[in-house]
Participant: 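If you scroll down you'll find the structure; I have some questions about it.
Along the sequence shown, residues are numbered consecutively beginning with 1. Here the structure is a predicted model, which is why all the values come from computation and not from measurement. Indexing begins at 1, ligand by ligand and atom by atom, following the structure's order.
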Amino acid sequence: MPRIIVLDNLSQDGLDLLESAGNIDYEVRTGLKGEELRESLAESDGAICRSGVKITAEVLAGNKRLRAIARAGVGTDNIDKEAATRLGIVVMNTPGGNTISTAEHALALMLAMSRNVAPAYQSLIEGRWDRKKFMGAQLAGKTLGIVGLGRIGQAVATRALAMEMRVLGYDPFLPAARAKELGIETVASARELLPHVDYLTVHTPLNDETRGLIGAKEVQVMKPGARLVNCARGGIYDEDALVEGLKSGRLAGVALDVYPTEPCTASPLFGMPGVVCTPHLGASTEEAQTNVAVEAAELLIDFFTTGAIRQSVNMSPLDPKTLESLRGYLNVAFRLGILLAQMDHSPPVACRLDYTGEVARKDTRLLSAAFAAGLLENAMEEGANIVNAELLLRERGIELVEQRSSDVGDFSSMITAEVVTEQKTSAATGTLFGNNLPRLVQMGECRLESCLDGNLMIVGYRDMPGVIGKMGNIFGNHRVNIAQMSVGRATDKPGGEAVGVLALDSQPPAEALSEILALEEVVRARIVKLPQAGEVPAWMGG
Ligand code: NAD
Ligand code: MLT
């Protein structure tokens, strides 16, 4: 039964869902850090978190068990996705569930800042009735600038328009036509907004482009008396520049929900006039927390029961139907990878996959990832799967190219894999019999027809009478039973190069292989070990 660790407070509805799944064992352990967090993750198959826990490369190091992390929320910046990907861990998030709550919080901060709600209440409870001091500003008729017009940015725009604001926006990925439909006037850069807006709000991720997006120089070009809001990520505004802007009077207000380092309990901005701050409360509503908790629990339940991958931020989606329809070919590709990895022990420099026939119309990227996972299966300490295999190949400078052709060859579908090392090129072609039987149908130039499981001896020899008998005798002497045998040759004429694939019921001793190699007709021979028939790795639903 998969074990899931819940690392941050999660709404009860999400926990109830995990409970009712029946096939999930879960435990809530919040506030974990360092070694304790590392150990807990190492003993779990899945994890659910919000933004309170930091899943760093250090806490993931050496983890061989964890397969999926679901983030109940949008931002996955508290998870080292590169480290997770390298370890083959799927990272998923629940982006839509807290959109409205966060957009409402941005509006709440704009209103609170404009109407001095927090200091006015503070003054009241301190016994003062001060109506002059807290003169405010109205939103209607003002211009709002929005940087980042994704889910939350758009939700803020529609609400601001309803409040009779004019909305200007910038987002490099929002087509102008869609912006127009929403009633947003777009500009060509964030900077272009600055001289024109009374309010500026940012709704982008924090990345190299958005870090420090508004610094001292940008504050200088803002319309005097502008007010700034950040409900996205701390660091998009340079806080020192905000302090200076407030002191100089260039800025009339600053409202923050997020900080460069969280938790944040001290900041030069706290207490300054015109400032209102909340402790990362954008998504803190009953509704949003129920949404994201339920969604995160569903993501993990689906992943562990059907293999479905949805809303992953580090790999392509994989729904149960696609997985089911691909499983047979994933298995062929995976097994070809395992086979070719054992054909030559020098490091590969490139791999090529040719998909012919019906399989060429399937999601071949996943099949290539499955091949790569097979190729690296026995090489990687951390284990390879379709999440990390391509990255692991890339990191090692191994090029992987694909070619697809829907022309049907000898079989309705074929996958030919070629692995190039500095010494030689090895190629094998596989297909699927029925839904579930991976078969090897060509080695190099030689056509044959063999199973793709268990212990195989792959032998290249000169096609002469008696060779097969000699090999049979050697295995007989070593009490190794030959379960199946297939031979093929590159040309129709005898005497040329031939390949034999012998399926063996047990792993032959090294002496048997030496004796085979000593036969004068034998050019090369290798014993390769494949998973048993029907055996599939966990990521393929095994
Ligand atoms: P989203 O992915 O739907 O939208 C992000 C938008 O930013 C995209 O449209 C993208 O094109 C745009 N963008 C990226 N780089 C840009 C740049 N350099 N300039 C302009 N636009 C750029 O994400 P979302 O769900 O709207 O979330 C937005 C942000 O809000 C995220 O950082 C998320 O972590 C944060 N968030 C905060 C809270 C909170 O509690 N305060 C809650 C939810 C989300
Ligand atoms: C998010 O990215 O979803 C928000 O910051 C909310 C949260 O951290 O829970």
Side-chain angles (χ1 to χ4, degrees), residues 6-11 14 30 48-55 69-79 81 91-110 145-159 168-176 178-179 182 184 186-194 200-214 218 229-237 255-260 262-264 277-293 295-296 311 313:
V6 179
L7 296 164
D8 282 311
N9 287 323
L10 198 70
S11 146
T30 57
I48 299 187
C49 66
R50 289 182 56 203
S51 56
V53 66
K54 303 264 175 288
I55 306 186
I69 302 172
R71 160 74 159 99
V74 185
T76 48
D77 42 354
N78 57 325
I79 302 166
K81 290 179 283 298
V91 180
M92 303 180 255
N93 71 348
T94 61
N98 58 28
T99 298
I100 303 296
S101 291
T102 309
E104 285 183 357
H105 196 63
L107 265 304
L109 289 182
M110 276 167 66
I146 306 181
V147 182
L149 291 161
R151 285 172 295 260
I152 299 172
Q154 290 185 28
V156 169
T158 51
R159 282 153 183 77
L168 299 184
Y170 168 67
D171 187 314
F173 294 101
L174 186 76
R178 171 71 185 139
L182 292 164
I184 304 167
T186 48
V187 295
S189 68
R191 205 179 161 89
E192 216 178 288
L193 289 172
L194 306 181
L200 181 75
T201 182
V202 286
H203 298 285
T204 67
L206 177 69
N207 56 33
D208 289 345
E209 257 181 62
T210 58
R211 187 172 289 105
L213 186 78
I214 304 297
E218 288 72 25
V229 182
N230 186 358
C231 277
R233 281 293 177 266
I236 299 177
Y237 295 152
L256 302 180
D257 184 46
V258 287
Y259 309 88
E262 295 184 12
C264 170
C277 292
T278 48
H280 203 145
L281 295 182
S284 294
T285 62
E286 294 289 336
E287 294 81 356
Q289 284 316 306
T290 301
N291 290 344
V292 295
E295 222 181 310
Q311 287 163 206
V313 294

Participant: Just checking, is any N or O donor in the side chain of T30 or D8 under 3.5 Å from an acceptor N or O on the other one?
Facilitator: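 D8 and T30 do not have a side-chain donor-acceptor pair below 3.5 Å.
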Participant: Taking side chain to side chain donor-acceptor pair (under 3.5 Å) as the test, write out the residues that go with T201, two or more places apart.
Facilitator: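 H203.
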Participant: Within a strict 4.5 Å, meaning less than it, do heavy atoms of the L213 and Y237 side chains meet?
Facilitator: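 Side chain of L213 against side chain of Y237, heavy atoms only: no contact under 4.5 Å found.
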Participant: Under a 4.0 Å heavy-atom cut-off, which residues neighbour ligand 2?
Facilitator: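 Residues R50, S51, R71, G73, V74, G75, N98, R233, H280, A283 each place a heavy atom under 4.0 Å from ligand 2, listed by chain and number.
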Participant: Could you pull out every N or O of ligand 1 that sits under 3.5 Å from a protein N or O, with the distance for each pair?
Facilitator:
from, atom 1, to, atom 2, distance (Å)
ligand 1, 2 (O), R151, NH2, 3.4
ligand 1, 3 (O), R151, N, 2.9
ligand 1, 3 (O), R151, NE, 3.3
ligand 1, 3 (O), R151, NH2, 3.2
ligand 1, 9 (O), G150, N, 3.4
ligand 1, 9 (O), D171, OD2, 2.6
ligand 1, 11 (O), D171, OD1, 2.7
ligand 1, 11 (O), D171, OD2, 3.2
ligand 1, 18 (N), E209, OE1, 3.2
ligand 1, 23 (O), R151, NH2, 3.4
ligand 1, 25 (O), R151, NE, 3.1
ligand 1, 25 (O), R151, NH2, 3.3
ligand 1, 26 (O), R151, N, 3.4
ligand 1, 26 (O), I152, N, 2.9
ligand 1, 32 (O), T204, O, 2.9
ligand 1, 34 (O), R233, NH1, 3.4
ligand 1, 34 (O), R233, NH2, 3.2
ligand 1, 40 (O), H280, NE2, 3.3
ligand 1, 40 (O), G282, N, 3.4
ligand 1, 40 (O), A283, N, 3.2
ligand 1, 41 (N), C231, O, 2.9
ligand 1, 41 (N), D257, OD2, 3.0

Participant: So which heavy atom on T94 is nearest to which on Q311, and how close?
Facilitator: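 Closest approach of T94 to Q311, heavy atoms only: CA-NE2, 3.7 Å.
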Participant: Scan residues 278-293 for pairs that pass salt bridge (charged side-chain N to carboxylate O under 4.0 Å, His left out), counting only residues two or more places apart or in two chains.
Facilitator: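 Qualifying pairs, neighbours excluded: none.
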Participant: With distance as the sole criterion, is a donor-acceptor pair present between the side chains of T210 and N207 under 3.5 Å?
Facilitator: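 Yes.
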Participant: Search all heavy atoms of I48 against all heavy atoms of A296 and return the closest pair with its distance.
Facilitator: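 Shortest heavy-atom separation between I48 and A296 comes out as CG2-CB, 4.0 Å.
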Participant: I'd like to know if the side chain of N98 and the backbone of A288 have a donor-acceptor N/O pair within less than 3.5 Å.
Facilitator: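 Not confirmed, N98 side chain does not pair with A288 backbone.
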Participant: Mind checking the CD-CG spacing from E262 to N78? Nearest 0.5 Å is all I need.
Facilitator: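 Atom-to-atom, E262:CD and N78:CG are 10.0 Å apart.
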